[in-house]
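Note that these values count all heavy atoms, side chains included, but never hydrogens, waters or copies made by symmetry.
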Amino acid sequence: QVRLVESGGGSEEAGGSRRLSCVPSGTTNRARFMAWFRQAPGKEKEGVAAISPGGTSTYYADSVKGRFTISQAPTQRTLYLQMDSLEPEDTAMYYCASALYGSVPSNFLAPSEYTYWGQGTQVTVSS
């Protein structure tokens, strides 16, 4: 079992920056694929960014490429999402997710590929 707790959400003006954190607990001694998702009111949950075990590869949605950066601390395995040049369209609840150990997602940004989820942290960007 893996428990995920996100933090770092809040309100920001367009053009600003924010960093989200996700602290895993439980069976975290084995590296696995992890990702950030977001869901805006009335919209489906969408993948934002994903990272491979050990952080060797990263994957981004086109909408955030060049603005967001996913990273992971090597020992504590805390997951981060650095969000720069924020836009009002980035307003959403942001979720951290973890895949099962040993699994390799066929679609790195598909919610169905991830088993463990945090409760989410709200990010609101005003124009």
Side-chain angles (χ1 to χ4, degrees):
Q1 277 285 13
V2 175
R3 182 169 176 261
L4 304 169
V5 179
E6 304 97 333
S7 63
S11 297
E12 194 63 59
E13 292 188 352
S17 296
R18 205 144 192 104
R19 188 174 83 157
L20 305 183
S21 298
C22 170
V23 178
S25 61
T27 311
T28 60
N29 58 321
R30 296 174 172 177
R32 58 195 76 203
F33 276 89
M34 297 190 71
W36 287 97
F37 290 82
R38 67 185 182 186
Q39 188 168 23
K43 295 188 176 181
E44 293 187 355
K45 189 174 290 182
E46 65 167 337
V48 175
I51 190 167
S52 65
T56 52
S57 299
T58 56
Y59 312 87
Y60 296 94
D62 288 343
S63 57
V64 306
K65 204 171 292 184
R67 300 188 299 120
F68 290 11
T69 303
I70 188 171
S71 62
Q72 187 171 31
T75 51
Q76 298 89 353
R77 303 202 191 282
T78 298
L79 188 69
Y80 301 102
L81 185 68
Q82 176 66 40
M83 305 185 294
D84 298 319
S85 302
L86 282 165
E87 303 170 351
E89 293 73 23
D90 296 320
T91 295
M93 184 72 79
Y94 283 74
Y95 299 91
C96 168
S98 173
L100 289 172
Y101 171 72
S103 69
V104 179
S106 57
N107 181 342
F108 299 110
L109 298 179
S112 60
E113 299 284 358
Y114 295 85
T115 302
Y116 303 106
W117 293 81
Q119 293 300 307
T121 185
Q122 176 68 37
V123 174
T124 302
V125 183
S126 59
S127 57

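No continuous path of ILVMFWY side-chain contacts below 4.5 Å connects M34 to F108, so the two sit in separate hydrophobic clusters. In the hydrophobic clustering of this structure, V104 groups with Y59; members are Ile, Leu, Val, Met, Phe, Trp, Tyr whose side-chain heavy atoms approach within less than 4.5 Å, directly or through other members. Clustering ILVMFWY residues whenever any of their side-chain heavy atoms sit less than 4.5 angstrom apart, transitively, puts Y60 in a cluster other than the one holding Y114. L79 is connected to V64 through a chain of hydrophobic side-chain contacts under 4.5 Å among Ile, Leu, Val, Met, Phe, Trp and Tyr, so both are in one cluster.
Aromatic ring centroids of F68 and W36 lie 6.0 Å or more apart.
Nearest heavy-atom pair, V2 versus P24, reported as atom, atom and distance to 0.1 Å: CG1-CB, 4.4 Å. Of all heavy-atom pairs between G120 and M93, the closest is C-SD, 3.7 Å. Here the shortest heavy-atom pairing between T78 and S21 reads CG2-CB, 4.4 Å.
A heavy-atom distance below 4.5 Å is not found between the side chains of V123 and D90. Within the 4.5 Å cutoff, no side-chain heavy atoms of L100 are placed close to those of F33.
Relative orientation of the F37 and W117 rings is tilted, given thresholds of 30° and 60° on the angle between their planes.
Remark: K65 NZ is packed, more than 12 non-hydrogen atoms of other residues, nucleotides or ligands lying under 6.0 Å away. Heavy-atom contacts from other residues, nucleotides or ligands closer than 6.0 Å to CD of Q119 number 12 or fewer.
Between the S52 side chain and the S57 main chain, a donor and an acceptor come within less than 3.5 Å of each other.
Sorted by first and then second residue, the pairs that involve residues 95-108 and meet side-chain hydrogen bond (donor to acceptor under 3.5 Å, both in side chains), not counting sequence neighbours, are S106-E113.
Geometric assessment of R3 against the ring of Y116 yields a negative cation-pi assignment under the 6.0 Å and 45° thresholds.
Salt bridge status for D84 with R18: absent, with no side-chain N to carboxylate O gap under 4.0 Å.
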